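Step one of this worksheet: look at the structure below.
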Amino acid sequence: MCLAIPAKIEQLSGEEATVQLAGTTAQVVIALVPQAKVGDWVLVHAGYAIAVVPEDEARKTFALLAEMERLAQE
Amino acid sequence: MKTIPELRQEIDRQVDLLVRAGRQRIQLMEVCGTHTVALARGGLLDLMPKPLRLVSGPGCPVCVTDQSYMDQAVWLAQNRPDVTIATYGDMLRVPGRSGSLEEARAAGAQVQVVYAAHEAVEMARQNTKRQVVFLAVGFETTTPATALAIEQARRLNVTNFSVFTAHKLVLPAMRALLSQPDIQIDGFLCPGHVSVILGYKAYEDLARDFHRPCVVAGFDEEQILAGVAEICRQLATGQPQACSVYSPVSAQGNTVAQKILADVFHPADAPWRALGVIPGSGLELNEAYADFDTRRRIEMPPCESYELPGCRCGEVICGRCLPTDCPLFAKACTPRSPVGPCMVSSEGSCAAYYKYRWRGGKAAKL
Ligand code: SF4
């Protein structure tokens, strides 16, 4: 439940962002990372972005974290 | 970043130094359910040199939730026809005295799973005749979302939404564990995503007061081994400190999230499974948000704390035993018919051990 997975911001509107998350498009709240811009990678936990992360870190851990998220949903 | 063989060598070397200095066993605790799963999944527990052992801590929010809370949540679902329970999915199957939330739902209670806290606010807006009670569990990673949802409800004047909090703070529990004389913890592998919010400086006092390394690590195999290697290095040099080997974690953490949290909540005493009431380890709503506190809005019968019969979850989450030490493990208790929350929750130690380790004791990779 403390798992956050990396996602890339595609669009911003107010406190919400459209992100690419594990191959699907999702809406997340970005009020906790007001500095986030389109193109940034963020860590998303339960519908809320909690940190902006460097792209290489995001790409590196994406597969692992997404897989763990999938296992958690099983 | 070092490679896995390099990191293993590093760990072996430091452990060797420690053994030669007289340590017989080095026991580290991972305080994060996601680390528990990652360790079991990657077969990392089998890679550690013999004297080094990793045990799970109270890092799975569902597992640490006291039975009295579960029973009150099920009571709300069963006895208040005007209430809709909104909950994260992991809570559904935790057994209580009068059954689980899932069983209550099957018997007609309104129990809805949400993925994000704001979905519960939306649910209340759509169903103004119902009282939506959000079961707010989770550590620092999750609490800012609850705080934002409460602020949102106040802003939108949603009066039929309230929050039944069982939120927990990680640091007071780590301190409480170190005060238990029968649990050996030589260092902490600190939670990655909780620390994104907290910042690694938050562990400084604990590292100093108790002289224990507190190292934040990420979740892939290299990142976890790098964390373990750093803890061993600090132990060997006798200079424990708080630090992070996980790049998204800064010293100060997410200060925006910390501010929102402090606006809405203040620390309060809270009951934990097996650990009892730990001072200042939970969160209560500030007076300005009291209208959104389920406990103030709905009178619930007092429920007591207890251990589920036969289940050793309480000992598992304190590092007192491994899941495989429980006589019910993989026999009476499996993910299909879980006896305790450590087998229910996808992050629970018992579930992680069951999925990856119990067949012949060897970790099977996916
Ligand atoms: S195996 Fe089942 S009964 Fe035993 S400690 Fe784990 S959850 Fe409890």
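This is a predicted model, so every value here is computed, not measured.
Within the 4.5 angstrom heavy-atom criterion, no atom of B/Glu119 approaches chain A. Contacts of B/Asn254 with chain A are made by side-chain atoms alone, with heavy-atom separations under 4.5 Å and no backbone atom involved. Of the atoms belonging to A/Val52, not a single heavy atom falls under 4.5 Å from chain B. When heavy atoms are compared at a cutoff of 4.5 Å, A/Ile50 approaches chain B by way of both its backbone and its side chain. Looking at B/Ala351, neither its backbone nor its side chain comes within 4.5 Å of chain A, counting heavy atoms on both sides.
The candidate with the highest count of non-hydrogen atom pairs below 4.5 Å against chain A, out of B/Ala38, B/Ser250, B/Pro335, is B/Ala38. For the set B/Ala257, B/Ser345, B/Pro248, the count of heavy-atom pairs under 4.5 angstrom toward chain A peaks at B/Pro248. Between chain A and the options B/Val249, B/Val114, B/Ile260, B/Val256, the largest number of non-hydrogen pairs under 4.5 Å is found for B/Val256.
With contacts defined as side-chain heavy-atom distances shorter than 4.5 Å, the pair A/Val53/B/Ser247 does not qualify.
A donor-acceptor contact closer than 3.5 angstrom is absent between the side chains of A/Glu15 and B/Gln152.
Qualifying ring-ring contact (aromatic ring centres under 6.0 Å, His included) partners for B/Phe161, counting only residues two or more places apart in sequence or in other chains: none. Under the rule for a ring-ring contact (aromatic ring centres under 6.0 Å, His included), B/Phe188 has no partner lying at least two apart in sequence or in another chain. Take B/Tyr289 and apply the ring-ring contact (aromatic ring centres under 6.0 Å, His included) test, not counting sequence neighbours, and it matches no residue.
Counting non-hydrogen atoms of other residues, nucleotides and ligands closer than 6.0 Å to CD of B/Glu6 gives a total above 12. For B/Phe164, the CZ atom sits in a packed shell: over 12 heavy atoms of surrounding residues, nucleotides or ligands are nearer than 6.0 Å. No more than 12 heavy atoms of other residues, nucleotides or ligands shown are found within 6.0 angstrom of CZ on B/Arg125.
The distance from the OG1 atom of B/Thr146 to the OH atom of A/Tyr48 is 7.5 Å, given to the nearest 0.5 Å. A/Gln27 contributes atom CD, which lies 9.0 Å from atom NE2 of B/His118 (distance to the nearest 0.5 angstrom). Summarising the geometry, atom CD1 belonging to B/Ile197 is positioned 8.5 Å from atom NE2 belonging to A/His45; distances are rounded to the nearest 0.5 Å.
Summarising the geometry of B/Ala116 relative to A/Gly47, their closest heavy-atom pair is CB-CA, 4.0 Å, with the distance given to 0.1 Å.
For residues 30-41 of chain A, the interface with chain B (any heavy-atom pair closer than 4.5 Å) comprises A/Ala31, A/Leu32, A/Val33, A/Pro34, sorted by residue number.
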